[in-house]
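First comes the structure, then the notes that go with it.
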Amino acid sequence: MRIKCKKSDLSAGISTVSKAVSNKTTMPILQCILVEAAGGRIKLIANDLELGIETYIEGTILEEGKIALEAKFFSDIVRKLPDSEIDIETNSDYKTTVYCEKTKAVVPCRSGEDFSYLPTIEKEKSITISQMTLRDVIRQTIFSISDNENTRLMTGEYFKVENNTLTVVSLDGHRISMRNIALKGDNPDVKVVIPGKSLQEVSKIISGEMDDEITIFFSDNHVLFEFGDTRVVSRLIEGEYFKISQMLSIDHKIVVKADKKELMAIIDRASIFIQETDKKPIVVSVKNDNNMYLRVDTNIGSLNEELEISKEGDEIIIGFNPKFLMDALRVIDDDNVSIYMYDSKSPCIIKDAEETYIYIILPININTSIY
């Protein structure tokens, strides 16, 4: 194999596929990037058997072939080469030499014959949305997944397509995040759980532009993200997801509307007094004087603040993990938020009128009599 390409194009390609290179494996081939020159196109592939990414780069093929290059070493040497044209040549003994201006580097490699290509995905069920929308949906829900592999379904996000609406849900046992997106055209019904790691990597490599689209194909065991010259394939998490509809049927007796930035600023200040080992709540008191009172008391010190709100319903005193509140508020784009509550032991719901986003947060038990 022999190819020539710009350093910038090769670096971008390596950066894209490297997200699917395995860091922990007993199979050395999974720590490689496959470079394949065939059919007039140069393709890069990485595949850790759970997540696979392939992309095409611009360049000239002088001799067709393929080679598996050790990913970290290949990435490091290309990154430190001059910003010029790169010439990669492999002989019959799989010795690969990289030339760039006055530099000549011999890099470790393996036969491309042993490399695992991305699985073939049936393209029967699919949806198409803008890359910006997908990136926003992932950003606004991914923080609620669990990192506990013992609850594997919680380490992924639930994608449901029904009545031409995409619903994305994540939960970790303490909170639920949900986004609802209206889709164009007629779309198939889908219910799958996609690993959070795969979604995080997809969000890093899509453009995030409204005019750039991404098509998502669903099969029984895999999901395929296709955009531009890039394909990302991920295994799905098997199992039946949790009954979300039951969790959403929570009643409320109190509705609070508050300025999001002011509320975030108070919680942010309060968090200074809470150490990770403390697990102290922020106590929220809603009175009939149209004020919300927020308080923390820890070994470090205390903070009390009040925030002007509009309120419907009863008074309430309730405790929350301030991080969970901040995580939800941080990804809401509205200037004002509506918070729905029932009592001090029931979850609160943060949502907009159209329910394009819904965040459910479990409270922390507190002794309300001392507040």
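Each residue takes its place number in the sequence, starting with 1.
The shortest side-chain heavy-atom distance between Ile176 and Phe242 does not fall under the 4.5 Å cut-off. Side-chain contact between Asn148 and Asp172 is absent, with no heavy-atom pair separated by less than 4.5 Å. The side-chain heavy atoms of His174 and Asn321, taken from C-beta on, include no pair separated by under 4.5 Å. Contact of the Val169 side chain with the Lys160 side chain is not registered, since no non-hydrogen atoms from C-beta on lie closer than 4.5 Å. The side-chain heavy atoms of Tyr357 and Asp334, taken from C-beta on, include a pair separated by under 4.5 Å. For the pair Phe227 and Asp212, the minimum side-chain heavy-atom distance is 4.5 Å or more. Side-chain contact between Glu54 and Val17 is absent, with no heavy atoms from C-beta onward closer than 4.5 Å. When side chains are defined from C-beta on, Tyr117 does not count as touching Asn47, because their heavy atoms never get closer than 4.5 Å.
Within the 3.5 Å criterion, the main-chain N or O of Glu355 finds a donor-acceptor partner in the side chain of Asn180. Without hydrogens or angle criteria, Glu157 side chain to Ile145 main chain gives no donor-acceptor distance under 3.5 Å. A distance-only check finds no donor-acceptor pair linking the side chain of Arg179 to the backbone of Thr141 [under 3.5 Å]. Checking side-chain atoms of Gln131 against main-chain N and O of Ser207 turns up a donor-acceptor pair under 3.5 Å. Asn187 places a side-chain N or O within donor-acceptor distance of the main-chain N or O of Gly185, the cut-off being under 3.5 Å. Panel note: side chain Lys311, backbone Val286; no donor-acceptor pair is recorded below 3.5 Å. Under the 3.5 Å distance criterion, the side-chain polar atoms of Ser11 are left unmatched by any main-chain donor or acceptor of Ser8. Looking only at distances, no side-chain donor or acceptor of Arg231 sits under 3.5 Å from a matching main-chain atom of Glu226. In this structure a side-chain-to-backbone donor-acceptor pair under 3.5 Å is missing from Ser144 to Ser170.
Note that CD of Gln200 and NZ of Lys19 are 12.5 Å apart. Values are rounded to the nearest 0.5 Å. Between the CG atom in Leu224 and the OG atom in Ser234 there is a gap of 10.5 Å [rounded to 0.5 Å]. Atom CD1 of Ile254 and atom CD1 of Ile318 lie 8.0 Å apart (nearest 0.5 Å). Interatomic distance, CZ of Arg79 versus CD1 of Ile14, reported as 10.5 Å (0.5 Å rounding). Taken to the nearest 0.5 Å, the NZ atom of Lys257 stands 4.5 Å off from the OG atom of Ser338. Interatomic distance, Glu305 CD to Arg269 CZ, rounded to the nearest 0.5 Å: 4.0 Å.
Classification of Glu113 and Lys66 as a salt-bridged pair holds, one side-chain N sitting under 4.0 Å from a carboxylate O. A salt bridge between Glu50 and Lys197 is absent, with no side-chain N of the basic residue lying under 4.0 Å from a carboxylate O of the acidic one. Ion pair Lys253/Asp343 not flagged as a salt bridge, since none of the NZ, NE, NH1 or NH2 atoms sits closer than 4.0 Å to an Asp/Glu carboxylate oxygen.
Residue Glu240 places its CD atom among 12 or fewer non-hydrogen atoms of other residues, nucleotides or ligands, all under 6.0 Å distant.
The two atoms that bring Pro347 and Ile360 nearest to each other are CB-CG2, 3.6 Å, heavy atoms only. For the residue pair Gly13 and Leu44, the shortest heavy atom distance occurs at C-CD1, 3.5 Å. Nearest heavy-atom pair, Glu238 versus Leu153, reported as atom, atom and distance to 0.1 Å: O-CD2, 3.7 Å. Heavy atoms only, all atoms of each residue included: Phe115 and Ile29 are closest at CE1-O, 3.8 Å. Contact detail for Ile67 and Cys109: the closest heavy-atom pair is CG1-CB, 3.8 Å. When every heavy atom of Leu199 is checked against every heavy atom of Ile138, the shortest pair comes out as O-CD1, 3.5 Å.
Under the 4.5 Å side-chain heavy-atom criterion for ILVMFWY residues, no single connected hydrophobic cluster contains both Ile45 and Ile33. There is no path of hydrophobic side-chain contacts, each under 4.5 Å, that joins Val337 to Tyr342. Under the 4.5 Å side-chain heavy-atom criterion for Ile, Leu, Val, Met, Phe, Trp and Tyr, Ile267 and Ile361 are members of the same hydrophobic cluster. Taking hydrophobic clusters as Ile, Leu, Val, Met, Phe, Trp and Tyr residues chained together by side-chain heavy-atom distances below 4.5 Å, Leu34 does not share a cluster with Tyr56. Hydrophobic cluster membership differs between Leu307 and Ile317, with clusters built from Ile, Leu, Val, Met, Phe, Trp and Tyr side chains linked at under 4.5 angstrom.
Using modelled atom types, one finds no donor on one side chain facing an acceptor on the other under 3.5 Å when comparing Glu122 with Ser219. For Thr230 and Thr55, the side-chain atoms include at least one donor-acceptor pair closer than 3.5 Å.
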Asn365 vs Lys345, side-chain contact (heavy atoms from CB on, under 4.5 Å): CA-CA, chis, key distance, verdict = CA-CA 7 Å; Asn365 286 332; Lys345 298 187 182 301; 4.0 Å; yes

Applying salt bridge (charged side-chain N to carboxylate O under 4.0 Å, His left out), run through Lys280 and Asp297 and close with a yes or a no.
-> CA-CA 8 Å; Lys280 292 283 188 177; Asp297 279 299; over 6 Å; no

Kindly indicate, with the supporting measurements, whether the criterion side-chain contact (heavy atoms from CB on, under 4.5 Å) is fulfilled by Lys191 and Tyr158.
-> CA-CA 7 Å; Lys191 292 181 181 179; Tyr158 180 55; 3.4 Å; yes

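The aromatic rings of His252 and Tyr340 stand perpendicular to each other, their planes meeting at an angle above 60°, with 30° marking the opposite boundary.
With Asn336 as reference, Asp259 is the one residue of Ile309, Leu263, Asp259 to meet the side chain to side chain contact (heavy atoms under 4.5 Å, CB included) rule. The side chain to side chain contact (heavy atoms under 4.5 Å, CB included) test with Cys5 is passed by exactly one of Thr60, Ile57, Ile61: Ile57.
For Lys125 and Phe218, the positive end is not near the middle of the six-membered ring at less than 6.0 Å and at most 45° from its axis.
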